[in-house]
Amino acid sequence: MEIKTIAILGCGWFGLPMAAELIKNGYKVKGSTTTEAKLTILEKAGIMPFLIDFEHNSLSKNSEFFKCDVLLIAIPPKVKQTEGLSYAEKIKQVAEIALANDVKQVILISSTGIYADNNFIVDETVAPIPNTVSGEMLYEAETVLNSNSSFTRTIIRFAGLIGPGRNLAKHFAGKADIANGLAPINLIHLTDCIGLTSEIIEKGKFGNVYHGVSPSHPTRNDFYTQACIASGLEKPQFLNEKIAWKQIESKNVPEVLAYEYVYADWNKYFKELAD
């Protein structure tokens with residue numbers, strides 16, 4: 001199947017630069033936002049803009065958005081949301097409209113937070129047993145897509161997100177007695193989020209679950225201390241302990257996709273922070 005048009009539901013921190021990369025690679029891209037003021041930003045980026053939310057029957061009113069070869073769902077769950085549709089219900093609505101518009105490929109951006117910190121190394125072959133509200137939301141959403149056989153579903157579980165506007169070192173700078181200093185980190189840079197997703201689309205490697213996570217897993221103490229130093233921030237003080245941890249790995253990224261991470265070595269990231 002030749003892919004010409006890609007619709008990105010949610011042009012935020014990941015979705016907007018993802019759209020820019022796809023346009024650069026020759027795809028026609030439709031993008032959604034829930035903010036009217038952002039429509040101009042999308043249009044200036046070369047994206048066909050759509051104002052879509054889950055109120056006022058907005059999804060069905062925008063059926064033109066869903067006329068695409070690939071639908072990329074990049075809307076995160078809102079853990080503190082107390083009213084309105086649940087995350088799984090939103091994904092169910094999207095799946096139904098995708099089906100009605102004969103979409104063949106649906107990609108869901110999920111998270112490795114779907115796994116509990118069960119003191120283990122985990123890859124895509126391990127079934128998630130979430131123990132947080134956000135993890136349960138993601139698991140329900142993945143289950144919704146998995147129950148629909150009318151299109152091919154692909155799930156990308158990103159680890160902790162870092163990159164432009166997301167320097168996690170700021171959360172630890174100058175603090176003392178921070179728990180779990182010896183636990184491994186599970187992170188992915190925005191560049192690799194975009195690169196990995198692009199590779200799936202370019203190679204047509206749909207229908208799998210992928211863990212998007214850098215293969216480098218230094219300890220929380222080592223990573224955030226170096227990140228703070230590189231950022232010119234006060235060094236944090238971690239406790240010398242390893243409790244409630246997980247190390248996210250991937251079989252499918254190297255074996256199915258053969259993707260090579262730009263940030264496989266975090267020294268590159270530290271150097272960029274220092275520049």
Side-chain angles (χ1 to χ4, degrees), residues 1-10 12-29 68-76 91 98 103-115 120-128 138-139 141-143 145-146 148-149 151-163 184-217 246-266 268-269:
M1 182 187 85
E2 184 182 5
I3 297 169
K4 294 180 179 179
T5 304
I6 298 171
I8 300 179
L9 186 66
W13 182 80
F14 163 72
L16 187 57
M18 182 72 235
E21 179 69 13
L22 291 169
I23 290 169
K24 189 176 76 174
N25 292 337
Y27 295 101
K28 177 181 177 181
V29 178
C68 59
D69 301 305
V70 177
L71 172 62
L72 175 58
I73 305 172
I75 51 171
I91 300 304
V103 178
K104 299 301 183 187
Q105 305 292 344
V106 175
I107 301 174
L108 174 68
I109 300 301
S110 185
S111 166
T112 56
I114 202 168
Y115 290 101
F120 63 174
I121 297 174
V122 58
D123 62 26
E124 298 95 340
T125 63
V126 178
L138 291 164
Y139 185 70
E142 288 189 13
T143 302
L145 286 190
N146 287 334
N148 196 318
S149 59
F151 47 71
T152 302
R153 66 97 188 100
T154 304
I155 293 170
I156 308 174
R157 295 175 183 150
F158 286 145
L161 303 171
I162 61 172
I185 62 153
N186 301 289
L187 297 174
I188 183 171
H189 192 279
L190 176 61
T191 299
D192 285 312
C193 293
I194 294 168
L196 190 151
T197 307
S198 297
E199 200 90 338
I200 292 169
I201 294 169
E202 287 284 337
K203 293 182 176 178
K205 297 293 186 178
F206 302 110
N208 300 298
V209 176
Y210 296 97
H211 284 174
V213 57
S214 170
S216 178
H217 300 279
K246 64 192 170 206
Q247 182 169 314
I248 305 293
E249 301 289 357
S250 176
K251 285 177 63 67
N252 290 340
V253 170
E255 293 180 11
V256 177
L257 203 56
Y259 177 75
E260 295 185 9
Y261 282 85
V262 176
Y263 291 86
D265 180 350
W266 289 116
K268 173 181 171 63
Y269 175 65

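Count residues from 1 along the sequence. Basis for what follows: all heavy atoms, side chains included, without hydrogens, waters or symmetry-related copies.
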Report yes if the side chains of Met18 and Thr197 come closer than 4.5 Å at any heavy-atom pair, otherwise no. yes
Counting N and O atoms only, with roles assigned by atom type, does the side chain of Glu249 sit under 3.5 Å from a partner on the main chain of Ile121, one being a donor and the other an acceptor? no
Thr152 vs Val106 side-chain heavy atoms within contact, under 4.5 Å: no
Salt bridge present between Glu142 and Arg157 (N-O < 4.0 angstrom): yes
CG on Leu72 to CD1 on Ile156, rounded to 0.5 Å: 7.0 Å
Ring centroid separation for His211 and Tyr115, is it under 6.0 angstrom? yes
When rounded to the nearest 0.5 Å, the distance separating CD1 of Ile248 from OG of Ser214 is 13.0 Å
Which distance, rounded to the nearest 0.5 Å, do you find between the CD of Glu255 and the CG of Asn208? 11.0 Å
For Glu202 and Tyr27, does a side-chain donor sit closer than 3.5 Å to a side-chain acceptor? yes
Identify the residue among Leu108, Leu138, Leu9 that makes a side chain to side chain contact (heavy atoms under 4.5 Å, CB included) with Ile91. Leu108
Looking at CD1 of Ile162 and OH of Tyr263, how far apart are the two atoms once the value is rounded to the nearest 0.5 Å? 8.5 Å
Would you say the ring centers of Tyr259 and Tyr210 fall short of 6.0 Å from each other? no
Please check if any side-chain donor atom of Ser250 sits under 3.5 Å from a side-chain acceptor atom of Asn252, or the reverse. no
Is a side-chain N or O of Asp192 found less than 3.5 angstrom from the main chain of Tyr261, in a donor-acceptor match? no
Taking atom CZ of Phe151 as the centre, report whether more than 12 heavy atoms of other residues, nucleotides or ligands fall under 6.0 Å from it. yes
Inter-residue atom distance Lys246.NZ - His217.NE2, 0.5 Å rounding: 12.0 Å
In Ile109, Val213, Leu190, Asn186, the residue satisfying side chain to side chain contact (heavy atoms under 4.5 Å, CB included) with Phe158 is Ile109
Within the supplied structure, the quantity of interest is the number of heavy atoms (other residues, nucleotides, ligands) at a distance under 6.0 Å from Lys4 NZ; does it exceed 12? no
How many angstroms lie between CD in Gln247 and CG in Asp123, if you round to the nearest 0.5 Å? 11.0 Å
